[in-house]
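Have a look at the structure below, then the notes.
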Amino acid sequence: MTDRIKKASRHTSQSEGLIFEKSAPGKRGIELPRLDVPAVDARQALSAAHVRETVNGFPEVSEIEVIRHFTRLSTWNYAIDLGMYPLGSCTMKYNPRVNEFVARLDGIATEHPFQPIQLSQGCLKIMQALQNCLLEITGMDAVTLEPSSGAQGELTGLLLIRAYLESQGNPRQKVLIPDSAHGTNPATAVIAGYQVENIRSDARGQIDVERLRQTITEDVAALMVTNPSTLGVFEQHIAEIAEILHANGSLLYMDGANMNALAGIARPGDFGVDVMHINLHKTFSTPHGGGGPGAGPVMVKKILEPFLPVPVLAGKSDGTLTLDFSRPKSVGRMRAFCGNFGVLVRALAYALAYGPGIRQATEDAVLNANYIRKHLEDVYELPYKSPSMHEVVFSDARQKKYGVNTIDIAKRLIDYGFHPYTTAFPLIVPGAMMIEPTESEPKEECDLFIDAMRAIAEEAATNPEVVKTAPHSTRVGRLDEVSAARKPILRWQPKASGEAAD
Ligand SMILES: *Cc1c(COP(=O)(O)O)cnc(C)c1O
């Protein structure tokens, strides 16, 4: 009997070929109604060059086959709705459904970006309310919602710094970046036309203030600090660092993508930051990943306001709102379109739902990271002992002697039902294991994660092979990442006729 059972694998990971492989000639997903207008011959209506008679390899499948194909594929995904997603620095927290509800309301989801400004007043009010929330949370003076990602926010911020310094007579040459910064920071500085000077963290993972005081020079435009850093550590001397920079005529940029460790507790505007971005798709609970839309608003102090990108949201004398494009000192446009408006709506819904309670979210994020730290620090190496904020960074130093590294442990976590933590950085921690549970995890899920991590530490010592060859429970095992990077096959090609299918 058993050989009659074709589906041998578990339902949620059942085999699935490509949609092209399911094709059978003549199958259709839809039936069109009979034409009730005169037929037009496309070859006459368009130039013949634009008309294709056939598309080589076009999949011909029925409706149910399309539905099943994509539904099966969707079951291969890991998602925050399935369990903890402790991908450090990425803040993969739960996004309350009410945010989605609000973003889908008529009059929000159905607005057209080219609608006349008088008919877009509601949307502009949403943007204004969000701007006010962000200014209150960060303690800054002015804001732009234009940047579409954290990295684009960084670029906007550095272009603002450049424009401001240029208006003072000299844009300067260098941007200082601590080695605990996010990898996007040096890339941004280079794209903004600056030379990057790396500054080394001290043994506690902090900027060495005395060294900065001694080595800062006149050609330093700014210091770009990720705070809390990618070690999950708060820069304790940030106010002093700001003073040193300002005395030198330099500005302080803060990468605030980790604002979920500060919101409601500390305001960058109060500790000397001149310009910063935050990631609405992290701290403000918009779903992200897979390249979907994001938003990286930039908040500035007064001196940078004239340079903000256009358009700037402005009030008119009749009490209505408008988009102001006539700003002579502006750095210009950062993007052509406004496809991420829904992200702004979700962020506002999130901020208003919490209100001052956002402080509790921050405290819970820090508590969860420290709870995990406390329960794992006897089995995994903790290279920096400074207090953890919203994430904790271990290393694989103790597992290395069994030949097990951070990637192996991350892959083994998949077998235990968790998304891996971040393995690639911070660069100053070899074999980093960067864990960010976020505030949305209940204690029970944190405990399951701790159990899994402890079990893997035990396996590394007693049965390292099982860790080194993980994952064992997924549809495909470990991929050949080197070949995938060197010889990427990004597109399915139809076989030439007569050739056997693979
Ligand atoms: C995620 C992140 C960024 C980049 O944000 P994107 O939206 O992915 O461009 C920058 N800095 C830090 C600290 C981050 O965590």
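Given the structure is predicted, the values throughout are model-derived calculations rather than measurements. Ligands are counted one by one from 1 in listed order, and the atoms in each one are counted from 1 as well.
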Other residues, nucleotides and ligands only: do more than 12 of their heavy atoms fall within 6.0 Å of [atom1] on [X]?
| X | atom1 | result |
| --- | --- | --- |
| E481 | CD | no |
| L105 | CG | yes |
| E136 | CD | no |
| R333 | CZ | yes |

Taking 4.0 angstrom as the limit and counting only heavy atoms of [X], give me the atoms of ligand 1 inside it, by number and element.
| X | answer |
| --- | --- |
| T184 | 10 (C), 11 (N) |
| S149 | 7 (O), 9 (O) |
| T226 | 13 (C) |
| D255 | 10 (C), 11 (N), 12 (C), 13 (C) |
| E154 | 10 (C), 11 (N) |

Can you tell me which residue and heavy atom of the protein come closest to atom 9 (O) of ligand 1, and the distance to 0.1 Å?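 Going atom by atom, the protein heavy atom closest to atom 9 (O) of ligand 1 ends up being A151 N, 2.8 Å.
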In this structure, atom 6 (P) of ligand 1 is nearest to the protein heavy atom G150 N, 3.4 Å
When only distance counts, is S89 in polar contact with ligand 1, meaning an N/O pair under 3.5 Å?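 Yes, there is a polar N/O contact under 3.5 Å.
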How are the rings of Y350 and F284 set to each other: parallel, tilted or perpendicular (split at 30° and 60°)?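 Geometry flag for F284 against Y350: perpendicular rings.
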Mutual orientation of the aromatic rings belonging to F271 and F234 [parallel < 30°, tilted 30-60°, perpendicular > 60°]: perpendicular
Would you call R486-D480 a salt bridge at under 4.0 Å N-O?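 Looking at D480 together with R486, the answer is no, because their closest N to O distance does not fall below 4.0 Å.
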Within reach of ligand 1, part of A257 (heavy-atom separation under 4.0 Å):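 The answer is the side chain of A257.
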Heavy atoms only, cut-off 4.0 Å: how does N279 contact ligand 1, side chain, backbone, both, or neither? side chain
Hey, looking at atom 2 (C) of ligand 1, which of H288, K282, H281 has the closest heavy atom?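 Closest candidate by heavy-atom distance is K282.
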Do we see a donor-acceptor contact under 3.5 Å between the side chains of S148 and R335?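 Yes - a donor-acceptor pair under 3.5 Å links their side chains.
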